[in-house]
Structure formats: C-alpha cells, structure tokens
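I have placed the structure first, in the form of structure tokens, so that the comments after it can refer back to it.
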Amino acid sequence: MGTTEQEAVRAAVERVADRMADEKEYLTDLDSAIGDADHGANMNRGFRAVHEKVSEMDDAPPDELVKTVGITLVSEVGGAAGPLYGGSFMTASAELGDGITAESSVAFAEVFLEKVKDRGDAPVGAKTMVDAITPAVHTYKKSIEEDDLKPVEALTKAVDACERGVNFTTPIRATKGRASYLGWRSVGHQDPGATSTLFIVKSIRETAVE
Amino acid sequence: MGTTEQEAVRAAVERVADRMADEKEYLTDLDSAIGDADHGANMNRGFRAVHEKVSEMDDAPPDELVKTVGITLVSEVGGAAGPLYGGSFMTASAELGDGITAESSVAFAEVFLEKVKDRGDAPVGAKTMVDAITPAVHTYKKSIEEDDLKPVEALTKAVDACERGVNFTTPIRATKGRASYLGWRSVGHQDPGATSTLFIVKSIRETAVE
Amino acid sequence: MKKLINEPSAVVDEMLDGMVSAHPDELRRLADTNVLVRNDAPVSDKVAVVSGGGSGHEPTHAGYLGPGMLDGAAAGEVFTSPTADEISEMIQACDSGKGVLNVVKNYEGDVMNFETAGELAEMESDVEVAEVVVNDDVAVEDSLYTSGRRGVCGTILVHKVAGAMADRGEELDEVKRVAEKVIDNVATMGTALTSCVTPEKGEPTFDLAEDEIELGIGIHGEPGVERVEMMSADEITERLTEKVFDDLSPSSGAEVLTIVNGMGGTPLSELYVVNRKLQSMMEERDFMTWDAWVGDYMTSLDMQGCSVTVLVLDDELKELLAHPAATPALTVQ
Amino acid sequence: MKKLINEPSAVVDEMLDGMVSAHPDELRRLADTNVLVRNDAPVSDKVAVVSGGGSGHEPTHAGYLGPGMLDGAAAGEVFTSPTADEISEMIQACDSGKGVLNVVKNYEGDVMNFETAGELAEMESDVEVAEVVVNDDVAVEDSLYTSGRRGVCGTILVHKVAGAMADRGEELDEVKRVAEKVIDNVATMGTALTSCVTPEKGEPTFDLAEDEIELGIGIHGEPGVERVEMMSADEITERLTEKVFDDLSPSSGAEVLTIVNGMGGTPLSELYVVNRKLQSMMEERDFMTWDAWVGDYMTSLDMQGCSVTVLVLDDELKELLAHPAATPALTVQ
Ligand SMILES: Nc1ncnc2c1ncn2[C@@H]1O[C@H](COP(=O)(O)OP(=O)(O)O)[C@@H](O)[C@H]1O
Ligand SMILES: Nc1ncnc2c1ncn2[C@@H]1O[C@H](COP(=O)(O)OP(=O)(O)O)[C@@H](O)[C@H]1O
Ligand SMILES: [Mg+2]
Ligand SMILES: [Mg+2]
Ligand SMILES: [Mg+2]
Ligand SMILES: [Mg+2]
C-alpha cells in the first residue's frame with residue numbers, strides 16, 4: 001500500500017481531519033467572537049472530504065496527494081479559509097514533485113506562505129492565519145538550513161513558533177478578514193484561522209514523530 | 001355639579017377605570033394562559049376613554065351617561081369584550097330613563113345579561129363572562145324583589161355571587177371564546193372576561209356604599 | 001423584549017402611517033381611523049371586497065389592498081378585532097353602489113364587530129353588505145362544544161379569489177359565491193416553535209421549553225391544541241399536512257394550491273425546507289401542485305413556526321387565482 | 001435552538017430543493033451543485049448577471065433569479081462563500097456568448113472565491129467575465145486598516161439595475177457601468193436587536209442583554225461596530241439614517257430610493273414603524289423618495305433588527321429600476 005511518503009501524507013491528513021473534528025466547536029467559538037461562527041464547521045467539512053478523497057487514492061505520489069488536499073479544500077470549504085488553505089496546498093504541492101525531503105519541505109513551506117499572503121493580501125499583524133504561518137515557516141526554514149536540525153526537530157520548533165504566532169493574534173487589532181469589521185473590538189480575541197493553522201502544523205509534527 | 005345620580009355614575013366609572021388600570025396586567029396574564037394576552041389592555045383602554053368622555057358630559061342624565069359608556073366601549077375596545085360589554089351598556093341604558101331606582105337597576109341588570117347572551121350566543125358554563133354576569137344579576141334581582149334588600153345590600157350579595165361565578169369558570173372547559181380553541185387544556189384557568197366583570201360589579205358596589 | 005417600536009400603544013398607528021408612506025400612490029388612510037383603503041376607492045362599478053381584524057398579522061390585512069384583491073382593510077389593536085364604527089366607515093368608503101363583501105375570519109370578536117358594523121353601515125347609507133366567514137383552521141374541532149374553526153392563512157386565498165371576481169365586474173352574490181367556494185375547499189394547520197411577544201405585554205404569551213413545540217396554534221399567540229416534543233422539519237410537515245389532507249380528502253389527481261406560511265420570525269430558508277417535504281408528500285399521494293406559495297402571508301408578530309394550507313382547485317378557482325393582482329404583499333401578473 | 005430543519009448540515013441542500021419545488025417553471029438546480037439558475041439559462045443574446053455568497057440571507061440570492069434580474073445564484077454553506085468550482089460552473093451555465101457579470105459582495109471570502117472562479121471559467125471556456133464588488137455598508141470605515149466596507153442590502157439594487165440593463169440587450173461593459181453607478185451611489189447601515197442562531201452552532205453568535213443592541217452589523221451574525229443601549233425605533237432610525245446620509249451627502253431635492261430591510265426575525269409591522277420615521281427624515285431634509293421598499297430582502301437567518309439603505313438616483317437608474325422584473329422575491333411590472 002504505497003511508499004512511506006504516501007503513507008505519511010495519508011497519516012497526516014487523517015490526523016488533521018481527526019483534530020478538526022475534535023476542535024470544531026472550539027474553532028467555531030473563536031469565530032463567534034470576532035467572525036461568523038463557522039470556521040470549525042468549515043475546516044471540519046473540508047478535512048473530512050480531504051480524508052475521504054485521499055484514502056481512495058491508492059497509488060498517487062505525495063505531490064498528487066497534497067494537490068488533491070488543496071483542490072478538495074477549495075471545492076469543499078468556501079469562505080475565506082477555502083481559497084487560502086486550498087489554493088496554497090494546491091500551488092505548493094508542486095515543490096514535492098521529487099519526494100518529501102528536508103529541502104523540498106522547506107520549499108513547500110515557503111511557497112505555501114507566499115501563496116496565502118498573495119491571495120489574502122494580508123501582512124503580518126493583521127490578525128490572520130498569516131501570523132501563525134509566518135513564524136512557523138521562518139523557524140522551520142532556519143532550523144533546517146542554518147541549524148542543521150532534522151525535519152522532526154525543526155517541526156517541533158515550528159510548532160512552538162506557530163503557537164507564539166497564535167498567541168500574538170490575541171492582543172492586536174484585526175485589519176483583514178471579518179474580524180476587521182469590529183475595529184478595536186477585535187482586540188483580546190484569538191484568531192480562529194491562526195488557530196486552525198496551529199492544529200495542522202501540530203498534526204504534521206505528530207505524524208513525523210511516529 | 002349635577003344630581004347625585006349623575007355623580008354616582010361618574011364616580012362608578014372612575015372607580016372602574018382605576019380598577020382596570022390597576023388590574024391590567026393581571027387580566028392580561030389570565031388572557032395569556034387561555035387567550036391572546038390582551039384583555040387587560042383592552043379593558044384599560046376602553047375605560048380610560050369612557051372616563052374621559054363621561055367627565056366631559058356635565059349635564060347629561062344618567063341614562064345618557066351609561067349609553068355613552070356603551071358607545072365608547074364599542075368604539076374603543078374591539079375584540080370580543082368590546083361589542084359584549086359595550087353593546088350591553090348601550091342597550092340596557094334605556095332602562096334608566098326615569099332615573100336609577102331599585103326597580104330600574106334590576107331591569108338594567110336583566111337587559112344587560114340578555115344582551116350579552118344574545119350577542120355572544122354563549123350559555124352558562126361556556127367559561128365566559130356570562131358565568132359571572134348570570135349569578136350576579138340573578139342574585140341582585142332576587143335580593144331586591146324577593147328579599148326586599150336595599151340596593152347596597154343587594155349589590156353586596158351580587159358581588160359574592162359574581163365571585164362564585166368567576167371561580168366556577170376555572171374548573172370547566174371553555175366552549176366559547178378564544179379559550180375554546182384550547183379544548184381540555186382550558187380547564188384549570190380562570191376566565192379573564194368573567195374576572196373583569198367582577199371588577200366592574202365590585203366597583204359599582206363600592207360606589208354605592210359611599 | 002426588544003422591538004423596533006416607540007410607545008407600545010402607538011404601534012398600530014405608526015405602522016399604518018409607515019405603510020402609507022411606503023405606498024403613497026396605492027393606499028390612503030381614512031382620517032381618524034385605523035382603516036386603510038385603496039387610494040382610488042370607491043372603485044366605480046365594482047363590488048368592494050373588504051376585510052380586517054387585529055393587527056400583528058402583517059402583511060395581512062392592508063398588504064393585500066389593491067387591484068385584484070382588497071378595497072379596504074380595518075386594523076384593530078394587536079390581536080384585537082377592529083371596532084364596529086371603523087369597520088362601518090370602511091364599508092361606506094369602499095362602496096361604489098355595487099355592494100360590499102366583508103371577509104371575516106371566524107372568531108367571535110371579529111364576527112360580532114363586523115356584524116354590528118354591517119348593521120351600522122346599512123342604517124347610515126343604503127349600502128348592500130354581504131359577509132363570508134373563513135374557518136380554515138383544522139386544528140380546532142368544529143363541534144357543538146367549540147366556537148368553531150378559526151380563520152387563518154386560507155383567508156388570503158379568499159381575498160385573492162373574491163377580489164379577482166369583483167375585479168371582473170361581477171355582482172355581489174357571484175363574488176360571495178366564489179369566496180364561499182374557497183372556504184369550502186381550503187384547510188390549514190399550524191405550529192409554533194416559540195411564542196410571540198406582543199408590544200403591550202412585552203413577554204412571551206406562553207412558555208415553551210427548548211424541546212417542545214405547539215401544534216394547532218391560531219394566529220394570536222394562543223397556545224395550540226397540543227404540546228409535543230420538538231421534531232424534525234419533515235416530521236412536523238407530515239403532522240401538519242396529514243391533518244389538512246384528512247380534512248379535505250382530495251381525490252387522487254386533484255389539483256391544489258399549497259402555502260407554506262411563516263409565522264413572522266422564521267427564516268425563509270426554513271420555510272423552503274418545509275416546502276420540500278410538503279411537495280414530496282403531494283407527489284406520493286398523487287396530488288398535482290398547481291402553484292406553491294412560500295413566505296410570510298399571515299403572521300403572529302415575531303413567532304417562529306409555520307402553517308401549511310391546501311386549497312383544492314377547479315377551473316374557476318384557477319382562473320381567478322391567475323387573474324392579475326397588484327398589492328404590496330402579492331403580485332400576480 | 002428550535003428550527004424547522006432536519007440535519008443542520010442538510011439545510012442548504014434541502015432549502016434549495018424546496019425552492020425549486022416552489023418555482024419549478026422558473027428555476028432549476030445545476031446537478032451536484034448548490035447553484036440555481038433561471039430555467040431558461042443561458043438566455044440567448046443577453047449578458048448574464050450572476051451572484052452568490054453564503055446562505056442564510058434568503059430571499060438573497062436565488063430569490064432574485066428571473067427575467068430582469070439574476071441569471072444564476074451560487075449558494076455557499078450558511079454564511080460561507082460558495083466554492084470556486086461551483087461558481088465557475090454557474091458562470092459557464094449562464095453564458096450565452098455575450099459575457100457574464102459577477103456581482104460580488106465585498107468580503108474577502110467571496111472576493112477570493114469569485115476571482116478563482118472567473119479564472120477557472122476563462123480557462124475552461126472562452127467566456128468573458130467581468131466583476132463588480134458591492135461595498136455599501138457604511139458602518140465599517142474604509143481605510144488602510146480594514147478590509148473595506150462590506151457588501152450588504154444595497155446588493156439587491158445592483159442586481160436590479162444590472163439585470164435590467166442586461167435584459168435590454170446591452171453589452172457587458174454597459175451592464176458593468178450601471179452596476180458601478182449603483183455601487184457609487186448606495187449606502188446602508190444596520191442594527192441587530194438579537195443575534196442570529198446558525199443551524200450548525202445552534203446558539204446565538206453573540207450575546208446581547210435585554211437592554212442592548214448592536215449598531216453597524218453585517219449580515220453574517222458578526223457583532224456590529226458598537227454596542228449601545230436599547231433605544232426607540234425613531235432614535236434607532238435616526239442613528240442609522242444619519243450615518244447613511246453622511247456617507248452619501250445627497251444634495252437637497254435629490255431623488256432617492258429607500259429600503260427598510262428586515263434581518264429575518266423582525267415583524268413587518270416594526271419595519272413600517274421604521275419607515276415612517278425614515279420618510280419623515282427624508283421630508284425634513286428635502287429629499288424626494290421616488291420609491292420606498294419595506295421588507296425582508298437581505299437577511300441574517302432569524303436575527304431581529306433592520307438596515308436602512310438609500311440609493312441616490314438619476315434618470316438612467318430610475319428607468320432601470322422601473323424596468324420589469326419577475327422573480328420569486330421581487331416583481332416590478
Ligand atoms: N485576507 C486574509 N488573509 C489571510 N487570512 C485571512 C484573510 N481573511 C480571513 N483570513 C483567515 O480566515 C479565517 C476565517 O476563516 P473562515 O471563518 O473559515 O472564513 P469566513 O471568514 O469566510 O467565515 C480568519 O480567522 C483568518 O485567519
Ligand atoms: N361568545 C362569547 N360570549 C360571551 N363572552 C365571551 C364570548 N367570547 C369571549 N367572551 C369573553 O371575552 C373575554 C375575552 O375578551 P378579550 O380578551 O378582550 O377579547 P378577545 O378574545 O377578542 O381577545 C373572554 O374571557 C370571555 O369572558
Ligand atoms: Mg468564519
Ligand atoms: Mg383576548
Ligand atoms: Mg384579542
Ligand atoms: Mg463564513
């Protein structure tokens with residue numbers, strides 16, 4: 001049943017899907033406070049579909065699998081999160097064409113971040129998923145390229161960085177996404193999209209550790 | 001300012017109006033349980049208008065005053081209570097053409113009851129104001145005509161009778177009025193219209209006692 | 001209670017003014033009354049069709065004023081029938097000499113006030129008044145022991161059909177005849193998920209727990225005939241529709257018009273969910289839906305819930321239903 | 001939470017089916033999508049006007065499908081924009097060769113999905129796609145520090161005007177031009193007395209005390225820009241309308257169209273009370289109300305509250321607004 005790499009992608013997807021199901025209400029509660037109370041439902045619907053699709057793809061190489069993750073998110077999630085996560089998985093998947101290595105995973109992460117920023121036009125500090133993705137990607141890249149850490153170790157650092165990004169969203173004012181409509185009232189609330197990013201990064205790390 | 005009889009009618013009207021204002025919520029609560037939650041507002045609106053109208057009529061004889069009570073109720077109350085109370089005051093007022101005496105008050109009471117039953121087509125036991133008016137009128141008539149009581153004493157008996165009529169409405173099933181739509185669920189609730197009848201009869205008695 | 005109102009006692013007055021200012025060319029208010037009429041009333045050489053009742057059922061009644069439907073609408077206080085004197089003024093203002101049909105919803109207050117009004121009007125002028133009493137609510141048994149079935153959402157269809165017949169220039173007895181044909185062939189049953197809140201009382205008329213609903217409600221915030229556990233939309237639709245079918249027992253292949261009517265506080269999306277089930281029941285039983293209406297036609301303020309109405313059709317009714325109407329709440333082209 | 005639904009996750013699907021079964025001759029659903037289109041789409045030799053967005057705003061969007069308004073409407077999950085692939089299918093199904101105008105409400109999710117969809121559609125066929133983004137909500141400052149003003153109830157007017165222009169057979173750039181003219185001249189501000197309850201969450205999105213309301217809400221159950229004490233209908237209307245006037249600053253004597261839009265759970269009677277005050281403000285300031293709409297046009301499920309929209313008119317806009325339209329939710333004759 002496929003290579004270790006294929007298995008790893010499938011395992012990560014399953015883990016993310018489980019996590020989104022578990023955290024559905026939590027994410028929706030965060031989105032209630034400063035958005036429209038659907039981020040949990042959106043992510044759960046999206047990754048349930050991704051999990052189904054990916055389970056059926058027996059022989060696809062990892063880049064195909066990840067591309068499917070993206071396409072499925074685009075066509076199942078809707079909202080802001082759909083094109084942001086979906087489009088980024090789709091585009092970045094091309095970096096995994098020669099397999100998942102330390103280098104290719106760094107390239108993947110960089111393109112992913114770039115694509116999110118492109119689509120959403122959100123700078124760091126706008127209180128969006130960009131605030132969680134940016135530190136995670138920067139830290140991962142530096143850990144691999146400068147500190148010569150192994151991917152699993154780098155992922156552990158990335159989780160930690162991502163978490164700080166999530167925490168950073170709480171005390172700042174939103175200037176992008178629905179929360180921006182609230183103006184100063186958005187201060188004091190954690191961003192739901194940043195939080196779902198953390199769940200994804202955590203799940204990938206857990207899969208890598210196994 | 002006018003004869004004692006005129007004064008008495010005006011005083012009674014004022015007393016009823018005050019009473020309806022005080023009991024507005026109570027009547028509406030009763031109507032919430034088995035009707036449409038407006039009997040208090042209806043009676044209060046009606047007697048407030050009656051009070052205003054009657055205060056302005058300086059020289060009118062008592063039958064004119066009572067007729068005005070009726071006309072005003074018809075055009076201010078609406079609902080079931082408007083035509084029932086209003087029409088009956090209007091028609092029965094003719095009995096007071098020669099002044100308010102023991103006899104004429106009995107005649108008034110009898111015509112009043114008749115008119116309510118005519119308009120509303122409700123027998124005794126249908127859980128309506130008829131159940132309160134009937135014992136009050138029967139007892140008043142008998143107290144005057146058979147027992148030779150004075151009107152004030154007869155009114156005291158009538159209040160007692162009326163109260164029993166009100167209490168009687170609680171344990172029976174409504175077959176007329178909005179409460180009838182509830183079928184057996186109307187059992188256990190006191191009829192609002194019967195209750196407002198009691199307030200009227202009580203107010204008349206209190207005026208007479210003075 | 002929070003409502004977009006000023007003084008609770010001024011709601012009806014201000015609502016009527018707001019309605020006229022939304023439709024200044026179509027409607028006007030009779031001075032010192034709560035009666036709205038078509039701006040061009042009395043319409044010459046036409047039987048007038050008028051209605052009225054308590055407020056709180058918007059767009060009923062004044063929303064159906066206009067060519068092809070009503071000529072006059074008398075508004076009472078919230079859930080309280082209008083007074084006889086105002087109804088009488090309305091009748092006289094709408095009469096062109098060809099007579100007036102009162103469309104009354106069966107409930108003693110309305111019936112008594114309309115009767116008194118008819119007498120008043122006939123005393124004051126020589127208007128010819130006829131009356132029909134709508135009683136489409138199948139929740140309430142029609143027996144010696146009740147004051148009969150209530151008039152609810154089916155009333156709209158009486159307005160439509162009688163209004164069309166009058167618009168065609170027919171005589172009063174003909175207009176009355178088709179109104180009665182609708183009454184004989186229409187049935188409705190409703191449910192409340194929540195109570196309504198009247199402006200005067202400011203609190204729910206009845207309390208319903210989170211897992212309870214009322215079946216067989218009227219349109220005045222009265223409790224229904226039965227309190228049951230909350231069910232799915234499909235189950236509720238079945239309960240309501242079965243009862244309506246039982247009453248009408250249309251024959252297989254019958255053509256019908258259906259209404260899924262919102263009680264005022266229910267989103268349109270939910271009414272469409274109910275309509276989906278209703279139409280699948282129609283198909284199962286081999287009835288033909290000639291037209292399906294979905295929306296708020298006869299409401300109870302902010303109540304959440306709906307009612308299902310079915311009218312069994314013949315060719316005459318179909319023609320009259322298809323006759324043009326141009327009113328604030330209903331347009332047929 | 002009690003709702004007339006079956007499974008919360010099936011609401012959109014079942015609502016769309018219920019809508020089609022209420023209007024089988026007028027609408028159809030594209031297989032395996034949440035897209036409804038005019039039954040006769042693509043209408044030959046006509047620019048198609050399409051829209052879409054999250055569900056929960058009924059009658060928006062599919063209620064405005066029909067001659068003189070929209071050709072296609074893509075429904076997302078409740079308050080979630082539709083996905084790019086379905087929007088793209090809609091665009092292709094509606095194109096007659098004359099091009100398609102996407103009417104998008106400004107909000108990043110919709111904008112991103114519609115953009116992606118346009119690219120997909122142009123990749124897959126040679127359809128010409130243009131887009132306008134409606135941003136009429138003046139509650140939100142339009143500055144570097146926000147993602148711009150939201151698109152809310154004014155969108156209906158864009159549908160109406162662009163739809164009329166397309167119906168006249170004009171070219172895509174002309175249809176787009178008049179849509180943009182509406183966008184430049186329309187402003188809206190809304191208030192919530194209660195939060196809405198989404199089927200998925202089953203609880204209010206935000207909590208409001210008995211004496212609080214939110215000003216400057218959007219249409220997705222987001223809290224507004226300010227929480228204030230409950231006020232009378234007249235005061236609320238003033239707060240909303242002042243802000244709208246500030247934005248548009250119409251010149252004295254200007255002709256306008258006004259909308260008092262209900263958020264889904266507010267009785268029509270209350271909307272008329274608001275309209276009364278709105279129209280008296282128009283008079284005071286010497287603006288001419290050319291037409292006043294009152295009703296539920298762009299809702300947030302069962303939310304109680306309303307919004308006030310003003311569109312400043314010129315002759316071209318008046319002509320296009322008066323152009324016939326025949327849709328489930330809006331008829332102009
Ligand atoms: N322009 C943007 N750029 C980056 N992220 C964004 C942008 N807009 C929204 N987001 C992210 O999307 C999240 C909301 O996703 P979701 O609730 O699924 O979509 P919606 O806002 O359409 O309801 C926000 O918490 C934020 O992290
Ligand atoms: N047919 C009737 N005959 C006699 N009394 C009636 C009849 N119908 C209703 N009532 C009385 O009217 C009362 C209700 O009055 P009210 O609430 O003001 O009117 P409505 O029922 O129109 O809301 C009932 O409690 C009952 O006593
Ligand atoms: Mg969201
Ligand atoms: Mg009552
Ligand atoms: Mg009443
Ligand atoms: Mg959303």
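Numbers restart at 1 for each chain; the letters A, B, ... are given by sequence-line order, proteins then strands. Just so we're clear, the structure is a prediction, and the values are computed from it rather than from any experiment. Basis for what follows: all heavy atoms, side chains included, without hydrogens, waters or symmetry-related copies.
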If you take all heavy atoms of B:Ala37 and C:Thr205, which pair is closest and at what distance? CB-CG2, 3.9 Å
Gap separating the CG atom of C:Asn113 from the OG atom of B:Ser75, nearest 0.5 angstrom: 10.5 Å
B:Ser32 versus C:Pro223, closest heavy-atom pair with distance: O-CD, 4.3 Å
Under 3.5 Å: donor-acceptor pair, side chain of B:Asp36, backbone of C:Thr80: no
Is C:Glu77 close to B:Val77 at the side-chain level, that is, under 4.5 Å between some pair of heavy atoms? no
N/O donor-acceptor pair under 3.5 Å between C:Glu108 side chain and B:Gly177 backbone: yes
Give, as side chain, backbone, both or neither, the part of B:Arg178 having an atom under 4.5 angstrom from any heavy atom of chain C. both
Who wins among C:Glu86, C:Glu226, C:Glu214 for the most heavy-atom pairs under 4.5 Å with chain B? C:Glu214
Among C:Gly221, C:Gly54, C:Pro82, C:Gly224, who wins on heavy-atom pairs under 4.5 Å with chain B? C:Gly224
Contacting moiety of C:Val78, where chain B heavy atoms sit under 4.5 Å: backbone
Identify the two heavy atoms, one from C:Thr83 and one from B:Gly78, that lie closest to each other, and give their separation to 0.1 Å. CG2-N, 3.5 Å
Of the backbone (N, CA, C, O) and the side chain (C-beta and beyond), which part of B:Ala33 lies under 4.5 Å from a heavy atom of chain C, both, or neither? backbone
Determine whether C:Glu115 and B:Arg119 make a side-chain contact, defined as any pair of heavy atoms from C-beta on separated by less than 4.5 Å. no
Closer than 4.0 angstrom, basic N to acidic O: yes or no for B:Arg45 and C:Glu200? no
Non-hydrogen contacts under 4.5 angstrom with chain C: give the residues of residues 17-31 of chain B involved, or none if there are none. B:Lys24, B:Thr28, B:Asp29
Distance-minimising heavy-atom pair for C:Asn106 and B:Tyr181: O-OH, 3.7 Å
B:Lys157, NZ atom: more than 12 neighbouring heavy atoms under 6.0 Å: no
C:Asp32 atom CG, over 12 foreign heavy atoms within 6.0 Å: no
Measure the shortest side-chain to side-chain distance between C:Met112 and B:Leu84 over non-hydrogen atoms and say whether it is less than 4.5 angstrom. yes
So what's closer than 4.5 Å to chain B heavy atoms on C:Phe79: side chain, backbone, both or neither? both
To the nearest 0.5 angstrom, please state how far the OG1 atom of B:Thr72 sits from the CG atom of C:Asp85. 10.0 Å
Among B:Ala41, B:Gly183, B:Gly40, B:Gly35, residue most engaged with chain C (heavy-atom pairs, under 4.5 Å): B:Gly35
